[in-house]
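Here is the structure we will look at.
Convention: sequence-line order gives letters A, B, ...; per-chain numbering from 1. All heavy atoms count here, side chains included; hydrogens, waters and symmetry mates do not.
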There are 2 protein chains.
Amino acid sequence: MYSHAAAYASRTSSAAFPIAAERAPTLRDLFKSQPAETFNPGEALFWEGDKAGPIFEVLEGAVRVYRILPDGRRAILGFVYPGDVLGVSFQNRYLVTAEAVNKVKARRFARERFFAMINDSPPLRPQLFAMLCDEMSAAQDQMMLLGRQTAEERVVCFLLAVHRKSARGAEIELPMSRQDMADYLGLTMETVSRMMTSLARRGLVAPGSRHTVTLRKLESLREIAGRGEDEPEAQVSLDRRAIWPN
Amino acid sequence: MYSHAAAYASRTSSAAFPIAAERAPTLRDLFKSQPAETFNPGEALFWEGDKAGPIFEVLEGAVRVYRILPDGRRAILGFVYPGDVLGVSFQNRYLVTAEAVNKVKARRFARERFFAMINDSPPLRPQLFAMLCDEMSAAQDQMMLLGRQTAEERVVCFLLAVHRKSARGAEIELPMSRQDMADYLGLTMETVSRMMTSLARRGLVAPGSRHTVTLRKLESLREIAGRGEDEPEAQVSLDRRAIWPN
DNA sequence: CGTCACTTTGAAAGCTTTCAATAGGAGTGG
DNA sequence: CCACTCCTATTGAAAGCTTTCAAAGTGACG
């Protein structure tokens with residue numbers, strides 16, 4: 001089947017326990033046997049409207065997932081980072097386009113086989129469910145943000161969200177363009193830029209290169225973000241005991 | 001609309017009933033044995049932060065699902081209508097509050113048993129998956145709307161969405177208040193009101209009572225909505241052949 | 001028929017966008 | 001190594017859409 005004993009290159013749930021002998025298989029283990037593919041910046045993994053094809057696990061880089069209105073307005077519905085699985089929650093067709101932001105490495109897995117294996121594996125099923133719940137939860141956060149938060153709050157929320165995912169100190173990386181951020185936050189690129197400048201002027205962040213920022217005053221930023229954005233939570237639900245039986 | 005062929009008293013896969021002989025069990029069948037409960041307007045089915053409890057099937061009325069920011073701003077993340085299942089996509093805790101808009105009748109089902117039964121039933125599992133995908137799809141539509149559409153487009157999209165669900169002619173019912181609509185559409189109550197007035201003045205809709213409107217020019221409205229909101233689609237994926245095997 | 005809650009309407013203010021110009025960086029070629 | 005070009009980001013100023021604040025209107029109910 002799939003050799004999940006392989007060297008843990010990716011951050012899987014139990015990565016913290018090098019010894020864990022009888023580790024239950026995880027969703028991401030399914031991809032272990034697949035070859036890594038590379039996508040160049042701007043290259044699409046799949047297009048909105050295409051017949052739903054493979055599921056991807058992102059290994060490196062960032063993917064933007066978006067939809068476009070007939071008149072060209074674009075909304076980025078999410079960014080997908082290493083360790084995330086992409087392409088699951090669609091039915092017959094992809095409802096969105098997924099495009100590499102920077103150089104992306106990913107593994108693909110045939111859709112039917114993906115679901116067949118999960119369907120056959122009692123420990124995997126709750127993980128799929130948990131993954132969908134996480135996606136749903138993120139979507140709800142985003143709806144709250146888009147519907148009821150100000151431009152500044154949106155930008156700060158975004159910076160904090162990236163920070164939570166990166167877990168690499170105060171300096172975060174923003175591989176996407178300002179336009180990407182704008183389309184994700186429901187703003188214009190100019191507004192995003194202004195907010196970044198404003199945060200920098202107040203000493204809350206310090207711009208590094210164009211694609212890096214250092215978060216100088218996390219506490220103040222969290223206050224601005226306004227929501228209980230406190231504890232790190234990325235990827236937790238795949239690990240925490242699922243409510244699903246077995 | 002989704003008239004679950006009334007006479008089905010049964011709820012397990014080994015169903016026995018008059019007409020449709022070998023019908024596969026549906027998610028909603030699970031609720032058939034449960035007593036119907038009533039919730040009065042404003043009454044909550046569950047609260048954000050509560051330990052995740054029962055799953056509900058809404059039979060009558062409408063439920064608003066929302067989240068509130070610390071400073072009181074509210075975003076309604078969705079409305080739940082008869083035939084919809086509510087409370088599934090949460091893990092340990094409810095992430096939202098669900099509150100009756102008008103008089104609501106619903107059946108409840110214990111969470112553990114709900115998932116246990118689905119987990120044990122190969123035909124039910126893809127339905128749960130399909131349901132989550134539908135939720136996700138709706139959430140994506142909403143993100144697009146909130147992030148990139150104008151006030152008028154939002155209101156029109158909402159009217160058309162209600163129209164698709166009601167499927168009862170050109171007159172639609174809006175059980176929720178203007179404030180509810182506003183919190184759903186990321187607008188203020190005043191803006192919603194102004195847009196309705198504007199649509200009425202242009203003859204696109206005709207106000208009935210405070211909670212009913214007649215859509216006079218569906219085509220024009222669809223044009224304003226701007227997205228390919230053409231074919232009716234509510235609830236389809238629960239019925240259409242799932243990609244999930246078996 | 002008065003009260004109360006919700007909705008509509010008006011006018012001014014505000015935040016974000018739009019349009020336009022300037023600045024900054026990376027890559028290329030001399 | 002520097003000049004040049006292109007693309008992206010920043011900044012400025014005006015316009016615009018939505019919000020805010022306030023008042024008037026409407027309908028249900030006792």
Here's one to test your reading of the geometry: is the NZ or CZ of B:Arg74 within 45 degrees of the ring axis of B:Tyr66 and under 6.0 Å from its centre?
yes
So, B:Thr214 side chain and B:Arg216 main chain: donor-acceptor pair closer than 3.5 Å or not?
no
Whole Å only: how far is the CZ atom of B:Arg210 from the P atom of D:dT26?
11 Å
Nearest heavy atoms of B:Met144 and A:Leu77, plus distance in Å
N-CD2, 4.3 Å
For chain A, the stretch of DNA chain C it reaches, first to last nucleotide, under 4.0 Å of its heavy atoms
C:dT16 to C:dG25
Heavy atoms under 4.0 Å, any strand shown: does B:Ser209 hit a base, just sugar-phosphate, or nothing?
nothing
Using a strict threshold of under 4.0 Å (side-chain N to carboxylate O), is an ion pair present between A:Arg64 and A:Asp183?
no
Can you list, in residue-number order, the parts of residues 183-193 of chain A that come under 4.0 Å of DNA chain C, counting heavy atoms only?
A:Gly186, A:Leu187, A:Thr188, A:Glu190, A:Thr191
Bend angle of the helix from C:dC1-D:dG30 to C:dG30-D:dC1 from five-pair axes at both ends, rounded to 10°?
30°
Do the side-chain N or O atoms of A:Arg194 get closer than 4.0 angstrom to the phosphate oxygens (OP1, OP2) of D:dT11?
no
With no hydrogens and no angle check, just 3.5 Å: does a side-chain donor-acceptor pair link B:Arg194 and B:Ser198?
no
Between A:Arg67 and B:Asp141, is there a salt bridge with N-O shorter than 4.0 Å?
yes
Do the charged groups of B:Arg108 and B:Glu37 touch, with an N to O distance under 4.0 Å?
yes
Position toward the 5' end of DNA chain D (nearest nucleotide), A:Met176 or B:Thr150
A:Met176
Rounded off to whole Å, could you give me the CE-to-P distance for the A:Met195 and D:dT11 pair?
12 Å
Between B:Arg93 and B:Gly49, is there a donor-acceptor pair closer than 3.5 Å when you use the side chain of the first and the backbone of the second?
yes
Separation of D:dC7 C1' from A:His211 NE2 (nearest whole Å):
11 Å
Strictly by modelled atom types, are A:Lys51 and A:Asn92 linked by a side-chain donor-acceptor pair under 3.5 Å?
no
Which distance, rounded to the nearest 0.5 Å, do you find between the OG1 of A:Thr150 and the CZ of B:Arg73?
6.5 Å
